[in-house]
Number of protein chains: 2
Amino acid sequence: MDEDVLSTPGHLISQAARGFARLSEARLKPMGFGVGHLPVLVALGEGRADSQRGLARFAKIEQSSMAQMLNRMERDGLIRRVPDPSDGRSSLISLTDAALARMPEACEVLFQGNRDALAGFSDQEAAQLVDLLNRLIANLDRLVASPSEGE
Amino acid sequence: MDEDVLSTPGHLISQAARGFARLSEARLKPMGFGVGHLPVLVALGEGRADSQRGLARFAKIEQSSMAQMLNRMERDGLIRRVPDPSDGRSSLISLTDAALARMPEACEVLFQGNRDALAGFSDQEAAQLVDLLNRLIANLDRLVASPSEGE
DNA sequence: GTTTTATATATAGCTACCTATATAATGCAG
DNA sequence: CTGCATTATATAGGTAGCTATATATAAAAC
């Protein structure tokens, strides 16, 4: 009876996420990227954010997590931080040429990983999965914001 | 064009997994559990495994990850390890009374978390989500086993 | 009965998250 | 123009996973 706590969507999603992460990690590593880099690459590449805070909000992770992520990416030569002339607390973050050059390939690898993972899914099923996930995420965002569940 | 790499199932699943983990963590912590404990509790509680290797296989994580998990659970008084009399390399792992006593409540909390997260889902939609996730996981398991994708 | 191979666990070191707290610069009140 | 609140970043320490490698015991080969 308590066994099927492992058949709940929550547990299945965590397993799927680990599977995806392992696959993506394995494929991105040879080109010098990690699975957490992508939101940063996209945000910087499209000018959607250029501060640590902005990147954290874009990636929907905590500021402290982004700080460490950026430390690793700077160490690995993917980004660069220059002091913001208009705000002494802040740095302006930008992609290095190396990161920019390798980005399209990284995106392609991720798209391919998704195609591989969705093998056997009809277009309709893939679309439904995305829809259900988006609704789930919206619910979870609401719940984490106010941990008192229900309504 | 590369922005929607963040709208792929892979990325959405990772966001959903983090949301679930944060929610479950917050609710389990007050009763002394963590989100990774559940497979161990279930496996031990139902006699599905009693060695580290067996637990790792059951939980579908690596042996080294399970070793650390068990270290933390032992430290926190949730499990106990006694040397296996019939195999000098191995320990027999069992739940403490404290863990056993709190387990049903933990399962209930997780079931409730799933109900909360699936608010607005019809039964049919919830079932479809589970089905799609199971197929996704099967694909990913296959892919990780042989990283040479497609066919 | 040794020697080899396989298995069980342990350990080192990494990513990517988290919470909580400290520090420094900004901006606004007074 | 000073002092307080706010904001941006940094740091400490934790969980849960990973890979890779070491060690000890067991089992199989010879």
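Remember, predicted model here, so these are calculated numbers, not experimental data. Just so it is clear: chains get the letters A, B, ... in the order the sequence lines come, proteins before strands, and each one is counted from 1.
For Asp97(B) and Arg102(B), the salt-bridge test fails: no basic side-chain N is under 4.0 Å from an acidic carboxylate O. Salt bridge status for Arg135(A) with Asp131(A): present, with a side-chain N to carboxylate O gap under 4.0 Å. Between Glu74(B) and Arg81(B) there is a salt bridge, with a side-chain nitrogen of the basic residue lying less than 4.0 Å from a carboxylate oxygen of the acidic one. Looking at Arg18(A) and Asp141(B), no side-chain N of the basic residue comes within less than 4.0 Å of a carboxylate O on the acidic one, giving no salt bridge. A salt bridge is defined here as a Lys NZ or Arg NE, NH1 or NH2 lying under 4.0 Å from an Asp or Glu carboxylate O, and Glu62(B) with Arg22(A) meets this definition.
Across residues 75-89 of chain B, Arg81(B), Arg89(B) each have a non-hydrogen atom less than 4.0 Å from an atom of DNA chain C (numbered order). Near-neighbour residues of DNA chain D inside residues 63-74 of chain B, defined by a heavy atom below 4.0 Å, number-ordered: Ser64(B), Ser65(B), Gln68(B), Met69(B), Arg72(B).
Note: NZ (Lys60(A)) to P (dC17(C)) measures 13 Å, nearest angstrom. Gln52(A) has its CD atom 5 Å from the P atom of dT9(D), to the nearest Å. The distance between atom CD1 of Ile93(A) and atom C1' of dA10(D), rounded to the nearest whole Å, is 13 Å. Atom CZ of Phe33(A) and atom P of dA16(C) are 12 Å apart (whole Å). Remark: C1' of dA8(D) and CG of Leu55(A) are 13 Å apart, rounded to the nearest angstrom. Summarising the geometry, the separation between CG on Leu38(A) and P on dA16(C) is reported as 10 Å, rounded to the nearest angstrom. Between the CG atom of Leu28(B) and the P atom of dA16(D) there is a distance of 10 Å, rounded to whole Å. Atom pair Phe20(B):CZ and dC18(C):C1' shows a separation of 18 Å (rounding to whole Å applied).
Checking each of Leu136(A), Leu133(A), Asn114(A) against Ile13(B) for a side-chain contact (heavy atoms from CB on, under 4.5 Å) leaves exactly one that passes, namely Leu133(A).
In this structure, Arg22(A) does not reach the dT15(C) phosphate: none of its side-chain N or O atoms is under 4.0 Å from OP1 or OP2. Side-chain nitrogen and oxygen atoms of Arg53(A) include none within less than 4.0 Å of the OP1 or OP2 phosphate oxygen of dT9(D).
In terms of position on DNA chain D, the residue among Ser51(A) and Arg18(A) whose nearest nucleotide sits closer to the 5' end is Ser51(A). For the pair Val35(B) and Lys29(A), nearest-nucleotide mapping onto DNA chain D gives the more 5' position to Val35(B).
Inspection of the Arg115(A) and Gln112(A) side chains reveals an N or O donor paired with an N or O acceptor under 3.5 Å.
No chain of hydrophobic side-chain contacts below 4.5 Å, direct or via other Ile, Leu, Val, Met, Phe, Trp or Tyr residues, connects Leu92(A) to Phe58(A).
Within a 6.0 Å radius of CD in Glu105(A), other residues, nucleotides and ligands contribute 12 heavy atoms or fewer.
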